[in-house]
Every structure is written in structure tokens, then in C-alpha cells.
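The block underneath contains the structure these notes are about, expressed in C-alpha cells.
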Amino acid sequence: MQIYNKLLEEYGPQGWWPVYSLRNTLGRDDRGYFVSGVFIETNYRASLRKSTILEIAVGAILTQNTSWINVEKAIDNLVKDNLMDPNIILKIPQDELANAIRPSGYYNQKAKKLKILTRYLLDGNFYEDGNIPNRENLLELWGIGEETADSILLYAYGVPLFVIDEYTRRIFGRLGILESTQSYKEIAEVLNRELEKDFIVYQEYHALIVKHAKEHCRTKPDCLKCVLREECSFFQNVQVYTY
DNA sequence: TCCCAGGGGCCGA
DNA sequence: TCGGCCCATGGG
């Protein structure tokens, strides 16, 4: 939580997941969302819910090993072509879907994944309020691994699961909190134990990790203005070797 | 020209 | 169980 607070102080709330129909920060209040500071009532939220869940699920697939800027182009194509609808995604030919999401890369695989996930969510009635997919069932789907499953559950359904991606491993690895050899399950157990069970915190924390990884903790790290360098074992070692 | 990006499936050791 | 390879576009 100390790391979280430092990142939050440095970068401010990130307001993830970046959804096309709700570009701005979501509120904590269960009665509705805040969009651009305007409160949206729950009955309106219900109508938004289906498109929001779909868009988060689609984004979670499209962003696999892909920068978000390319995912946005693919999502924009889907919206522009009126394809951002579960029934349409299921109905159209796979190559047509693939063509629309081409900018996100791996488009043939991802088109197949979108159809499989959409079918699962539709059949299980998971676009309706209160119905939450089971993590194990999600993992059984072709194309859904642990990170994608947890992203969907955390951001679309508010389940407090820490999303562990390459950025998470890199940052906590460099800090000295995690070993690079630890499995997803082992890392998840540590983080889910150490943090308070608040899905808003989980959502914000992962977003802040991505922000920090892009700003400073890149593959080639930029440590000089990093807010975490005092507690970072990587930086301490860099100092020993460099200065 | 090369590296990197919010992974996951598959296969052989 | 784990490393290596494949999938693919686009920006820096």
C-alpha cells in the first residue's frame, strides 16, 4: 500500500478501464457512475452496463501483447462499423471481424477469441446485472489466460483480483518485492493477501503500475526521476555499479 | 532497422 | 512444469 500511495500521489487517479462509451473516471457509488463529474443514475447505468462489459472484455483480448494505442484503433473500427454488439460479433464472418481489428495485431487469433468469449458471456447471461463469470470457467476458454480473465473480472465486474502483467512483474521485481521466477498464482497470493479487498484500489493500482512502467520503469529504465527509487533494489544496484 | 507493446496456445524436453 | 516458437501491427 505504501507503493500504491506513492504512485497515486505522483500520477493521480487513472480512471481505468478506458472505455469508449465512458472515457472518464467511474465513481465508487453503487447507485451509478460519475462521467465527467456528472452522476449517472443506476437505471441508466443498466443500459450502459452491457456495452461496458462487452467493451472491457473486447479490450482485454485485443490488448494481449499489444499497445493500447493500437487497441483503440481496433475498437474505433468496431464502433464505426457497428460491430460492437455481442450478437453481431457472433454473426459476422470471422475474417470480417479480423479485418476490423487488424490494427491490434494477431487479428486472426483475436477474432476467434472474441467470438468464443462473446458466446460464453451471452450464453451465461453475463451481460445482465448481478451475474458474474466464474474465473475457472473463463480460464477454460481458448484465448483466455490468467491475466485476461482477471482483467475482465476486475474491470468489468468489480471482482477484487490483482491483475499481474509484465509491468507488474517488472516493477515489483525491480523493487525486490517479487522474484522473477514466481508464477502468476504465487504473485497473486502475495498481492491479494497484502492489499485491502477493495476493487477500486485493485483497479487503480494496476492502472498506476501501467502508467509507471510507461513513464519510468520501462524495459530500459529511467530511474532519475522515479518516485520509487528510494525503495528500489534495482536502483540501489545501479548506483553501486554506475557511480 | 530494431525494439517494444497491458498474452496465450502449443509442443517438445 | 517450462522454455521456445508462433501469432502481427504500428510507433518511437
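Reminder, nothing fancy here: chain letters follow the sequence lines and each chain counts from 1. FYI, side chains are in, hydrogens and waters are out, and symmetry mates aren't considered; it's all heavy atoms of this structure. All of these numbers come straight from a predicted model, not from anything done at the bench.
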Which residue pairs satisfy the salt bridge (charged side-chain N to carboxylate O under 4.0 Å, His left out) criterion with at least one member in [range], sequence neighbours excluded?
range	answer
residues 173-191 of chain A	none
residues 149-169 of chain A	A/R135-A/D150
residues 101-120 of chain A	A/R119-A/D123

Exercise for the section: Describe the nucleic acid contact of A/R170 in one word from base, sugar-phosphate, nothing, applying a heavy-atom distance below 4.0 Å. Expected result: sugar-phosphate

Practice task
Look at all strands and tell whether A/I164 reaches a base, only sugar-phosphate, or nothing, counting heavy atoms closer than 4.0 Å.
Solution key: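 The residue A/I164 makes no contact with any strand.
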
Problem - Residues A/N65, A/Y106; criterion side-chain hydrogen bond (donor to acceptor under 3.5 Å, both in side chains); working and verdict - result: CA-CA 9 Å; A/N65 206 31; A/Y106 309 101; 2.8 Å; yes

Separation of [X] atom [atom1] from [N] atom [atom2], in whole Å?
X	N	atom1	atom2	answer
A/K220	B/dC3	NZ	P	9 Å
A/W142	C/dC6	CH2	C1'	11 Å
A/K211	B/dA5	NZ	P	16 Å
A/E140	B/dG9	CD	P	12 Å
A/L114	B/dG8	CG	C1'	14 Å
A/L117	B/dG8	CG	C1'	14 Å
A/E215	B/dA5	CD	P	14 Å
A/K214	B/dC4	NZ	C1'	12 Å

Problem - Results of side chain to side chain donor-acceptor pair (under 3.5 Å) for A/N5 - residues two or more places apart only - result: none

Problem - Distance (rounded to the nearest 0.5 Å) between A/N137 CG and A/F126 CZ - result: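 A/N137 atom CG to A/F126 atom CZ measures 7.0 Å (nearest 0.5 Å).
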
Handout entry: Salt bridge flag under 4.0 Å for residues A/E231 and A/K6
Key =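 Here A/E231 pairs with A/K6 in a salt bridge, since their nearest N and O are under 4.0 Å apart.
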
Exercise for the section: Examine distances only and state if a side-chain atom of A/N99 and a backbone atom of A/D95 form a donor-acceptor pair shorter than 3.5 Å. Expected result: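 A pair under 3.5 Å: no.
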
Problem - N/O donor-acceptor pair under 3.5 Å between A/N134 side chain and A/E136 backbone - result: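 Yes, because the side chain of A/N134 sits within donor-acceptor range (under 3.5 Å) of the backbone of A/E136.
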
Exercise for the section: Between A/Q64 and A/R218, just flag the one whose closest nucleotide in DNA chain B comes earlier from the 5' side. Expected result: A/R218

Exercise for the section: For DNA chain C, just give me the dot-bracket, please: Watson-Crick or G-U, both distances below 3.5 Å, ( ) intra-strand, [ ] crossing earlier pairs, | paired with another strand, . unpaired. Expected result: |||||||.||||

Fill in the blank from the handout: Quick tally for nucleotides 7-12 of chain C: nucleotides whose base has a protein heavy atom under 4.0 Å get B, sugar-phosphate-only ones S, the rest -, giving BBBSS-

